Amino acid sequence: MKRVITFGTFDLFHIGHLRILERSKQEGDYLIVGVSSDELNERKGKKAVFPINERLEIVKALKCVDEVFIEDSLEKKDDYIKHFKADILVMGDDWKDKFNWVSCPVKYLERTPNISTTYLKNSIAMVYKD
Ligand code: C2G
């Protein structure tokens, strides 16, 4: 059984998130997803709208996802890979070559165009400004 691992914040869950998780699952048989903690987001200079327990619950409920955990640190990627015995790491290509140092093969998948959490936040702010 091939075990796939991927990571993300998955805030304001959208179609780009769903597609990368479904395509990650297609790389193997069992999909493990690390969801970034609120503290990790803050360190990355981002603030999630939905708190970690809700983002975790949404991702866990998806048919293509087998297991979830909280990602505390970007530097611990290889520890997570070893702990969950992952055979491959899959990330969107906005992270291209950023995680080539890990101990398993890495595949960067093309992002879904024209959608992102930042775009959603800006659209909502514009449409509902009054
Ligand atoms: N994604 C995508 N298409 C989009 C938007 C996002 O394929 N239109 C992918 C990203 O490439 C990433 C995943 O969805 O692989 C999650 O994206 P984010 O929630 O933005 O996660 P990020 O902040 O990049 O956190 O350890 C790495 C981090 O935890 C990743």
Side-chain angles (χ1 to χ4, degrees):
M1 180 167 33
K2 189 170 174 188
R3 294 166 66 86
V4 183
I5 195 165
T6 190
F7 295 83
T9 306
F10 304 107
D11 190 29
L12 299 179
F13 196 90
H14 59 67
I15 192 71
H17 294 146
L18 180 63
R19 287 188 183 150
I20 196 124
L21 292 173
E22 287 180 333
R23 285 153 69 216
S24 298
K25 177 65 172 265
Q26 284 167 13
E27 295 293 323
D29 310 290
Y30 189 88
L31 179 61
I32 304 144
V33 184
V35 181
S36 302
S37 67
D38 294 329
E39 293 74 22
L40 172 56
N41 276 315
E42 272 169 39
R43 288 203 297 278
K44 287 198 286 187
K46 298 208 281 188
K47 178 154 178 38
V49 176
F50 295 152
I52 180 61
N53 57 324
E54 295 181 11
R55 291 183 284 113
L56 207 59
E57 197 175 326
I58 289 167
V59 174
K60 192 179 174 192
L62 298 170
K63 213 194 296 179
C64 59
V65 173
D66 296 291
E67 195 171 342
V68 291
F69 68 97
I70 299 173
E71 178 194 28
D72 281 320
S73 159
L74 292 180
E75 289 75 38
K76 285 206 266 177
K77 262 210 176 40
D78 209 44
D79 299 337
Y80 296 130
I81 286 167
K82 286 177 179 146
H83 177 80
F84 289 101
K85 298 183 173 31
D87 299 298
I88 184 169
L89 166 65
V90 177
M91 293 296 296
D93 62 4
D94 46 329
W95 291 95
K96 189 154 178 35
D97 292 336
K98 295 271 172 14
F99 299 117
N100 295 349
W101 51 273
V102 302
S103 59
C104 69
V106 188
K107 190 160 182 180
Y108 301 96
L109 299 180
E110 210 176 298
R111 279 167 65 94
T112 300
N114 306 324
I115 182 76
S116 69
T117 300
T118 308
Y119 170 80
L120 281 177
K121 282 180 185 164
N122 291 339
S123 312
I124 292 166
M126 263 170 60
V127 173
Y128 298 100
K129 63 181 182 305
D130 299 320

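Ligands are counted one by one from 1 in listed order, and the atoms in each one are counted from 1 as well. Worth saying up front: this structure is predicted, and the values here are computed from it rather than measured.
The heavy atom nearest to atom 9 (C) of ligand 1, considering only Leu12, Ile20, Leu89, is found in Ile20. Taking all heavy atoms of Gly8, Ser24, Ala48, Gly92 into account, the minimum distance to atom 30 (C) of ligand 1 is reached by Gly8. The closest non-hydrogen atom to atom 10 (C) of ligand 1, taken over Asp94, Thr117, Val35, comes from Asp94. By heavy-atom distance, the residue among His17, Lys76, Lys98, His14 lying nearest atom 17 (O) of ligand 1 is His17. Nearest to atom 22 (P) of ligand 1 by heavy atom, out of Thr6, Thr9, Val59, is Thr9.
Between Asp94 and Arg111 there is a salt bridge, since a side-chain N of the basic residue sits under 4.0 Å from a carboxylate O of the acidic one. A salt bridge between Lys25 and Asp66 is present, with a side-chain N of the basic residue lying under 4.0 Å from a carboxylate O of the acidic one. Glu71 and Lys77 are joined by a salt bridge, as a carboxylate oxygen and a charged side-chain nitrogen come within less than 4.0 angstrom of each other.
Close N/O approach between Lys77 and ligand 1 is found [any backbone or side-chain N/O within under 3.5 Å]. Where the criterion is an N or O separation shorter than 3.5 Å, residue side chain and backbone included, Glu71 meets it with respect to ligand 1. When only interatomic distances are considered, the shortest N/O to N/O separation between Ile115 and ligand 1 falls below 3.5 Å. Here's the thing with Trp95: one of its N/O atoms is less than 3.5 angstrom from an N/O atom of ligand 1.
Summary of contacts: the protein heavy atom closest to atom 28 (C) of ligand 1 is Lys44 NZ, 3.4 Å. Among protein heavy atoms, the minimum distance from atom 23 (O) of ligand 1 is reached at Lys46 NZ, 2.6 Å. The protein heavy atom nearest to atom 19 (O) of ligand 1 is Phe10 N, 2.8 Å. If you check which protein heavy atom lies closest to atom 3 (N) of ligand 1, you get Thr112 N, 3.1 Å. In terms of protein heavy-atom proximity, atom 2 (C) of ligand 1 is nearest to Arg111 CG, 3.6 Å.
The distance from ligand 1 to the heavy atoms of Leu74 drops below 4.0 Å at these ligand atoms: 26 (O), 27 (C).
Using a 4.5 Å cut-off on side-chain heavy atoms (C-beta onward), Ile58 and Phe10 make no contact. Counting heavy atoms from C-beta on, the side chains of Glu110 and Arg23 come closer than 4.5 Å. Contact check for Ile5 versus Phe69: side-chain heavy atoms found under the 4.5 Å cut-off.
Under the 30°/60° scheme for interplanar angles, the aromatic rings of His17 and Phe13 are found to be tilted.
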- Go through the steps to decide whether Tyr108 and Asn100 satisfy the test side chain to side chain donor-acceptor pair (under 3.5 Å), and finish with yes or no. CA-CA 10 Å; Tyr108 301 96; Asn100 295 349; 2.6 Å; yes
- Task: Could you give me the CA-CA distance, side-chain angles and deciding distance for Thr6 and Met91, then say whether side-chain contact (heavy atoms from CB on, under 4.5 Å) is met?
- Result: CA-CA 6 Å; Thr6 190; Met91 293 296 296; 4.1 Å; yes
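The closest approach between Ser36 and ligand 1 falls below 4.0 Å for a heavy atom of the residue.
Side-chain atoms of Asn41 and Ser36 include no donor-acceptor pair closer than 3.5 Å.
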